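Computed from a prediction, not measured in an experiment: that's the story for all the values here. In what follows, chains are A, B, ... by sequence order, proteins preceding strands, each numbered from 1.
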There are 2 protein chains.
Amino acid sequence: MTSYKDKKVITIGIVHELTGLSERRIRYYEERGLIFPDRTKRGTRKYSFHDIETLMKIANKREEGVQTTEIKKDMLKEKKRNVREEMLRGQLNAYFKRKE
Amino acid sequence: MTSYKDKKVITIGIVHELTGLSERRIRYYEERGLIFPDRTKRGTRKYSFHDIETLMKIANKREEGVQTTEIKKDMLKEKKRNVREEMLRGQLNAYFKRKE
DNA sequence: CGTGTAAGGAATTCTGACACG
DNA sequence: CGTGTAAGGAATTCTGACACG
């Protein structure tokens with residue numbers, strides 16, 4: 001369930017290299033509640049590959065002029081949809097006694 | 001083929017957190033040709049999850065008293081075996097016209 | 001051989017703030 | 001609102017070396 005994609009191990013400098021986004025913007029999107037990096041003991045932010053994908057999506061929406069508040073709402077909706085899907089899948093699997 | 005596991009994005013401090021190995025040892029194993037981190041533009045080492053797994057294996061062997069030279073030989077053998085396996089699989093897949 | 005440590009410099013990251021719009 | 005920038009300090013990383021064994 002928790003794969004490499006979700007491990008928070010990438011520093012902001014590398015995220016910047018990978019996404020092209022300024023560190024300012026990356027931190028700002030966190031401030032707006034769009035991403036949630038972990039921290040090392042001494043406070044350095046750590047991101048996952050999943051975070052990076054999220055950042056790319058955010059950047060695309062921003063280019064279209066979508067505000068961070070809207071983006072946040074959209075992300076929440078999508079998350080809820082996924083949760084529902086997973087619940088459904090879980091029930092189906094239980095019913096048919098399938099695995100994985 | 002190239003997944004998150006192979007992307008070199010992790011700085012040495014995080015590798016240290018993840019493996020428990022000192023930065024000195026991590027750099028030394030590179031010096032001995034056991035791992036090959038990438039570098040950022042300004043020279044900071046970047047490791048992959050795969051590198052981290054390799055480091056754990058190295059640490060285990062070292063605990064058993066195996067020297068780095070030996071470890072290197074073993075890793076080379078394993079690599080060759082994998083290459084052979086992949087070639088064989090490729091031929092089989094071609095023969096049976098399978099995919100993936 | 002393998003690893004610790006102290007050394008000094010360079011690059012990184014952090015926060016809070018001011019700017020513009 | 002979203003993002004750039006300059007500011008100052010703290011933490012990180014790098015290399016080359018000496019130490020011990």
Taking atom C1' of D:dC14 as reference, at what distance in whole Å does atom CZ of B:Arg27 sit?
6 Å

Taking CD from B:Glu23 and C1' from C:dG4, how many angstroms apart are they, rounded to a whole number?
13 Å

Quick one: is C:dG2 close enough that its OP1 or OP2 comes under 4.0 Å of any side-chain N or O from B:Arg32?
yes

Student check: side-chain heavy atoms of A:Thr11 and A:Arg45 closer than 4.5 Å:
no

I would like to know whether B:Phe49 and A:Phe49 meet side chain to side chain contact (heavy atoms under 4.5 Å, CB included); could you show each step before the answer?
CA-CA 12 Å; B:Phe49 285 112; A:Phe49 285 111; 3.8 Å; yes

Given that A:Thr44 and A:Thr69 both sit by DNA chain D, which one's nearest nucleotide is further toward the 5' end?
A:Thr69

Can you tell which of D:dG2, D:dT13, C:dG2 lies closest to the side chain of A:Thr68?
D:dG2

Would you please confirm or rule out a distance under 4.0 Å between OP1 or OP2 of D:dA10 and any side-chain N or O of A:Arg42?
no

Ignoring backbone atoms, test whether A:Thr11 places a side-chain nitrogen or oxygen under 4.0 Å from the OP1 or OP2 oxygen of D:dT12.
no

Is it true that the side chains of A:Arg25 and A:Tyr29 contain a donor and an acceptor less than 3.5 Å apart?
yes

Got a sec: does the NZ of B:Lys7 have more than 12 other heavy atoms crowding it under 6.0 Å?
no

Among C:dG2, C:dT3, C:dG4, the nucleotide that comes nearest once only the side chain of B:Tyr29 is considered:
C:dT3

Dot-bracket for DNA chain D, 5' to 3', counting Watson-Crick or G-U wobble pairs under 3.5 Å, with [ ] for crossing pairs and | for inter-strand pairs?
.||||.||.|.|.||.||||.

Whole-Å distance separating the OH atom of A:Tyr28 from the P atom of C:dT15:
16 Å

Tell me if a side-chain donor or acceptor on A:Arg24 pairs with a main-chain N or O of A:Tyr28 at a distance below 3.5 Å.
no

Have a look at A:Thr40 and say if it touches a base, only the backbone sugar-phosphate, or nothing, with a 4.0 Å heavy-atom cut-off.
nothing

Run the side-chain donor-acceptor check on residues 50-58 of chain A: report pairs under 3.5 Å with partners two or more places apart or on a different chain.
unit_1  : atom_1 : unit_2  : atom_2 : d
A:Asp51 : OD1    : A:Lys8  : NZ     : 3.2
A:Asp51 : OD2    : A:Lys8  : NZ     : 2.9
A:Asp51 : OD2    : A:Ser48 : N      : 2.9
A:Asp51 : OD2    : A:Ser48 : OG     : 3.2
A:Glu53 : OE1    : A:Lys5  : NZ     : 3.2
A:Glu53 : OE2    : B:Tyr4  : OH     : 2.2
A:Thr54 : OG1    : A:His50 : O      : 3.0

Ignoring hydrogens and geometry, is there a side-chain-to-backbone donor-acceptor pair from B:Thr19 to B:Val15 under 3.5 Å?
yes

Tell me whether the OP1 or OP2 atom of D:dG4 has a side-chain N or O from A:Arg25 closer than 4.0 Å.
no

Would you mind telling me which residue lines up with the more 5' stretch of DNA chain C, A:Arg24 or A:Ile14, judged by nearest nucleotide?
A:Ile14

Could you state the NZ-C1' distance from A:Lys61 to D:dG2, rounded to the nearest angstrom?
17 Å

Which nucleotide sits closest to the side chain of A:Arg62: D:dG2, C:dT3, C:dC14?
D:dG2

